[in-house]
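Contents: one structure, followed by commentary.
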Amino acid sequence: MDTINLTARSEPTLVVCERLFVDGLIWALGMKFAIDQINNSTSLLPGVKLGYDMYDTCFEPLVALQPSLLFLTQNGTTGIGVLCNYTDYQPRVTAVIGPHQSDLCLVTAKLFSSFLIPQVSYRASSEKLSNIELYPSFYRTVPSDKNLVEAVALLLDKFGWNWIATVGSDDEYGRGAVGLFLSIAGNHSICIAFEGLIPTDLADPKAKNQLEDTIKLINKTKANIIVLFAFTQPAQALLEHSIRMGLSKKVWIGTEAWMLSDIAASIPNIQSIGTVLGFILKAGTVPGFQKYVADLFTSVQQDKFCQESREFNRLMNSDMLDARCKHCDNISLHDVSSTLSHSQIQPVYVAVYSVAYALHRALGCTHQACPRASIRSWQLLHFMNTLPFKVNGQSFRFDQSHGTNTGYKLIFWSWKNGTLTYLPVGSYEESLYVNKSQIQFHTADQKASGGKLTLFALFTLMLLVLSCCLYIGKPSNHLCMIQQIVCALCLNGCFSTFFIKSLEITLVTEFPRCAPTFLYWVTQRRAWLLVTLCLLTECLFCFCYLHLGPDYLVPDYKSLPTEVLLVCNTESWVAFALMHGYNGCLAFVCFLCTFMVQTAGKKYNIARGITFAILIYFIIWIFFIAIFATLKTVLRSVTQIGTILATSLGILGTYYIPKCYIILFKPDLNTVDYFHNSIKEEPEEDSQ
């Protein structure tokens with residue numbers, strides 16, 4: 001997987017690579033297994049034997065280009081004919097399987113497409129390769145990244161995660177996947193808190209600084225969800241740096257490119273990164289393959305096999321490139337057993353069979369023989385485009401973009417006693433299914449409903465309702481004095497929590513660039529500073545009320561003919577207006593911050609709850625002020641009690657009852673992210 005002399009070359013010599021990529025070896029053996037099966041079949045290509053050249057790509061386009069040029073040489077020669085018409089041109093190969101990376105395929109696919117040689121990749125997923133005008137002979141046995149990012153977006157939508165960081169490796173796969181994801185994120189109300197690329201050349205002196213900067217920026221955004229589109233090596237580097245730099249636990253959304261890698265899973269202290277979820281190809285098993293590999297490794301240990309191999313190598317054409325894998329000499333079945341158990345073999349297996357079935361039809365084969373002796377490469381394309389084929393009972397067909405869409409499995413990294421299990425927890429084909437009960441998130445407990453701020457607000461509402469008792473029974477000067485103060489302070493306690501949440505919503509919807517910097521002041525513990533500030537301001541107005549003239553006790557001799565009524569009278573309407581007007585201003589700010597926020601259909605929206613609660617408050621208090629100012633009798637107390645109860649019930653009904661409904665009847669949706677699903681905002685964080 002590593003080139004060792006690419007940058008140091010001063011002459012165009014053969015590029016040498018080192019470090020065994022076990023998955024690559026397994027895929028190569030999967031191709032060999034399929035060819036051996038086809039050659040041993042008496043019905044697929046009877047009388048025809050498939051030969052093959054197999055070359056390493058070393059994750060490097062330049063390395064992949066060298067054998068590609070060899071494949072294009074005229075059969076029996078070492079030269080590529082320069083012709084005006086290649087219809088009768090017979091290249092060295094009839095078809096090409098691989099390579100596995102999009103970067104490599106974008107280089108080789110143009111080359112093979114110019115000769116219309118079928119090329120079938122078993123891993124390249126870049127959406128660019130779906131352009132059949134540029135790559136008319138390119139096929140793949142995996143879905144395009146367009147399907148993958150749609151699955152990721154639906155997963156985020158399913159859990160209500162909409163304040164996320166997205167990271168990609170700085171290659172065609174990472175750049176393409178991130179670009180596609182950004183293009184559809186808005187359709188799912190997903191807010192991208194951070195987007196960035198991580199280096200693929202880890203030997204570059206700048207790579208370490210780039211990785212560290214990425215971790216710091218992610219940490220600054222307070223995003224708890226990270227979507228990572230990267231191959232094994234850059235993903236490994238990012239995860240190692242996140243552990244070393246003490247990044248808090250996150251939910252990592254991954255892809256098969258790194259999630260199934262033993263390299264990533266064996267990083268020291270990898271369990272500390274948090275929860276790992278992601279999509280892998282929904283590929284079936286290949287019967288007999290594991291036994292085939294085991295038998296092959298057993299044969300390698302025998303002298304007879306080695307002698308035959310050396311003799312065969314000596315008889316090879318002298319024009320062959322040196323393709324021997326020297327690092328494969330010293331590995332055993334034990335070294336590859338872990339990768340072998342979960343590596344996706346079916347795509348490469350199906351890729352070989354797709355060419356074999358096209359040959360079967362192009363050569364006019366029956367179950368007994370193949371009448372035609374030879375075939376041109378371009379003649380295979382018609383049969384690959386039109387007809388389905390079956391492999392181990394499963395039907396496959398290339399779509400209009402020359403890809404296959406078998407769907408994805410959603411897997412969860414499940415750790416038990418230090419052992420990792422890739423646990424299937426869902427699937428995606430045309431729709432997403434998730435078994436939430438099997439996913440154990442890293443947080444121990446999943447104003448979400450509940451939390452200290454919410455409990456505080458409910459406590460103040462309870463005190464507000466209990467304050468009705470102050471209006472019942474024989475009044476006194478002291479009771480008259482504290483009635484309005486208690487009412488104003490209790491309402492202010494509730495509205496201060498609305499004010500904090502409204503500011504949070506405004507930051508992420510109207511000022512998303514500033515949100516990462518200022519959200520810290522309206523979430524977590526600092527939110528209590530704003531609550532305290534609001535209450536202290538209200539206390540200041542209460543002191544003004546006491547100084548300017550509080551309500552006082554007066555006898556009413558006119559309302560009843562034979563009895564005297566004691567009622568509380570307002571001495572200073574200015575003081576009354578200051579004390580209750582402050583709550584009105586606070587409520588109006590909350591209304592302005594929330595009433596324009598768009599609502600996703602059939603989903604609870606915290607902004608909508610605040611808007612309706614404030615509207616009810618305004619409607620009730622407009623009527624209250626109009627009636628209260630004109631009454632001089634005992635009915636003033638009745639009006640005040642009715643206003644307090646109506647306001648409390650209105651707030652409970654529009655804001656808190658929907659939360660209670662989710663707690664009691666939809667506990668699986670009671671997560672910190674769900675309530676902000678329809679506004680582009682960081683999840684509610686008051687449940688500490």
Side-chain angles (χ1 to χ4, degrees), residues 460-496 498 534 537-592 595 611-654:
T460 59
L461 279 182
M462 182 186 72
L463 292 180
L464 180 63
V465 172
L466 290 176
S467 71
C468 292
C469 297
L470 298 175
Y471 301 90
I472 300 172
K474 184 178 179 180
S476 66
N477 272 322
H478 292 295
L479 279 177
C480 291
M481 189 183 299
I482 66 171
Q483 283 174 350
Q484 299 300 330
I485 292 177
V486 172
C487 178
L489 284 173
C490 291
L491 262 180
N492 187 266
C494 180
F495 285 167
S496 64
F498 286 2
C534 289
T537 306
E538 181 62 44
C539 288
L540 180 64
F541 286 115
C542 288
F543 280 118
C544 291
Y545 168 79
L546 291 173
H547 178 72
L548 293 174
D551 287 8
Y552 61 98
L553 188 67
V554 295
D556 177 14
Y557 296 100
K558 298 179 180 179
S559 298
L560 297 175
T562 59
E563 295 176 316
V564 176
L565 290 177
L566 298 177
V567 296
C568 294
N569 190 39
T570 303
E571 180 175 341
S572 172
W573 285 102
V574 174
F576 183 93
L578 283 174
M579 188 169 59
H580 288 292
Y582 172 64
N583 281 336
C585 291
L586 205 60
F588 186 65
V589 171
C590 295
F591 180 79
L592 289 179
F595 87 105
T611 301
F612 280 110
I614 298 302
L615 276 176
I616 287 176
Y617 163 77
F618 278 135
I619 292 170
I620 292 171
W621 277 73
I622 287 171
F623 281 101
F624 165 70
I625 297 297
I627 296 171
F628 189 78
T630 58
L631 289 176
K632 299 290 185 181
T633 66
V634 74
L635 292 177
R636 294 188 79 183
S637 296
V638 176
T639 305
Q640 187 91 37
I641 292 172
T643 300
I644 289 172
L645 292 177
T647 302
S648 302
L649 289 174
I651 293 173
L652 285 171
T654 55

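Numbering of residues begins at 1 and proceeds along the displayed sequence. Heavy atoms only: backbone and side chains are in, while hydrogens, waters and symmetry mates are out.
Considering all non-hydrogen atoms of both residues, Tyr552 and Val554 come closest at CE1-CG1, 2.8 Å. Contact record, Phe576 with Tyr545: N-CD1, 4.1 Å, taken as the closest heavy-atom pair. Nearest heavy-atom pair, Leu489 versus Glu538, reported as atom, atom and distance to 0.1 Å: CD2-CG, 3.6 Å. Nearest heavy atom pair, residue Leu463 against residue Cys490, reads CB-SG, 3.6 Å. Considering every non-hydrogen atom in both Ser572 and Ala575, the closest pair reads OG-N, 3.1 Å. Here the closest non-hydrogen pair linking Ile644 and Ser467 is CD1-OG, 3.7 Å.
Surrounding CZ of Phe612 are at most 12 heavy atoms belonging to other residues, nucleotides or ligands under 6.0 Å away. For Phe618, the CZ atom counts as densely surrounded, since its 6.0 Å shell holds more than 12 non-hydrogen atoms of other residues, nucleotides or ligands.
Considering only residues two or more places apart in sequence or on other chains, Tyr617 meets the side chain to side chain donor-acceptor pair (under 3.5 Å) condition with none of them. In this structure, the ring-ring contact (aromatic ring centres under 6.0 Å, His included) partners of Phe595, at least two apart in sequence or on a different chain, are Phe591.
Side-chain atoms of Tyr471 never come within 3.5 Å of backbone atoms of Arg636 as a donor-acceptor pair (strictly under, hydrogens ignored). Judged by distance alone, with hydrogens and angles left aside, the side-chain atoms of Ser648 form no donor-acceptor pair with the main-chain N or O of Leu645 at under 3.5 Å.
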inquiry  = Checking Val589 against Phe495 for the side-chain contact (heavy atoms from CB on, under 4.5 Å) test, could you report, in this order, the C-alpha distance in whole Å, the side-chain angles of both residues, the deciding distance, and whether it holds?
reply    = CA-CA 10 Å; Val589 171; Phe495 285 167; over 6 Å; no

request  = Take Phe498 and Ile651 through the side-chain contact (heavy atoms from CB on, under 4.5 Å) test and state the conclusion after the steps.
outcome  = CA-CA 11 Å; Phe498 286 2; Ile651 293 173; 3.8 Å; yes

task = Verify side-chain contact (heavy atoms from CB on, under 4.5 Å) between Tyr582 and Cys534, making sure each step is shown before the conclusion.
result = CA-CA 10 Å; Tyr582 172 64; Cys534 289; 4.0 Å; yes

Got a list of side-chain donor-acceptor pairs under 3.5 Å for residues 477-488, not counting sequence neighbours?
{"from": "Asn477", "atom 1": "OD1", "to": "Leu553", "atom 2": "N", "distance (Å)": "2.9"}
{"from": "Gln483", "atom 1": "NE2", "to": "Leu470", "atom 2": "O", "distance (Å)": "3.0"}
{"from": "Gln484", "atom 1": "OE1", "to": "His580", "atom 2": "NE2", "distance (Å)": "2.8"}
{"from": "Gln484", "atom 1": "NE2", "to": "Gln640", "atom 2": "OE1", "distance (Å)": "2.9"}

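Using a 4.5 Å cut-off on side-chain heavy atoms (C-beta onward), Trp621 and Leu491 make contact.
Atom CG of Leu615 and atom OG1 of Thr654 lie 9.0 Å apart (nearest 0.5 Å). Between atom OG1 of residue Thr647 and atom CG of residue Leu464 there is a gap of 7.0 Å, rounded to the nearest 0.5 Å. Residue Ile616 holds its CD1 atom at 11.5 Å from OG1 of Thr611, rounded to the nearest 0.5 Å. Rounding to the nearest 0.5 angstrom, the gap separating the CD1 atom in Ile614 from the CD1 atom in Ile619 is 11.5 Å. Atom CG of residue Leu546 and atom CG of residue Asp551 lie 10.5 Å apart, to the nearest 0.5 angstrom.
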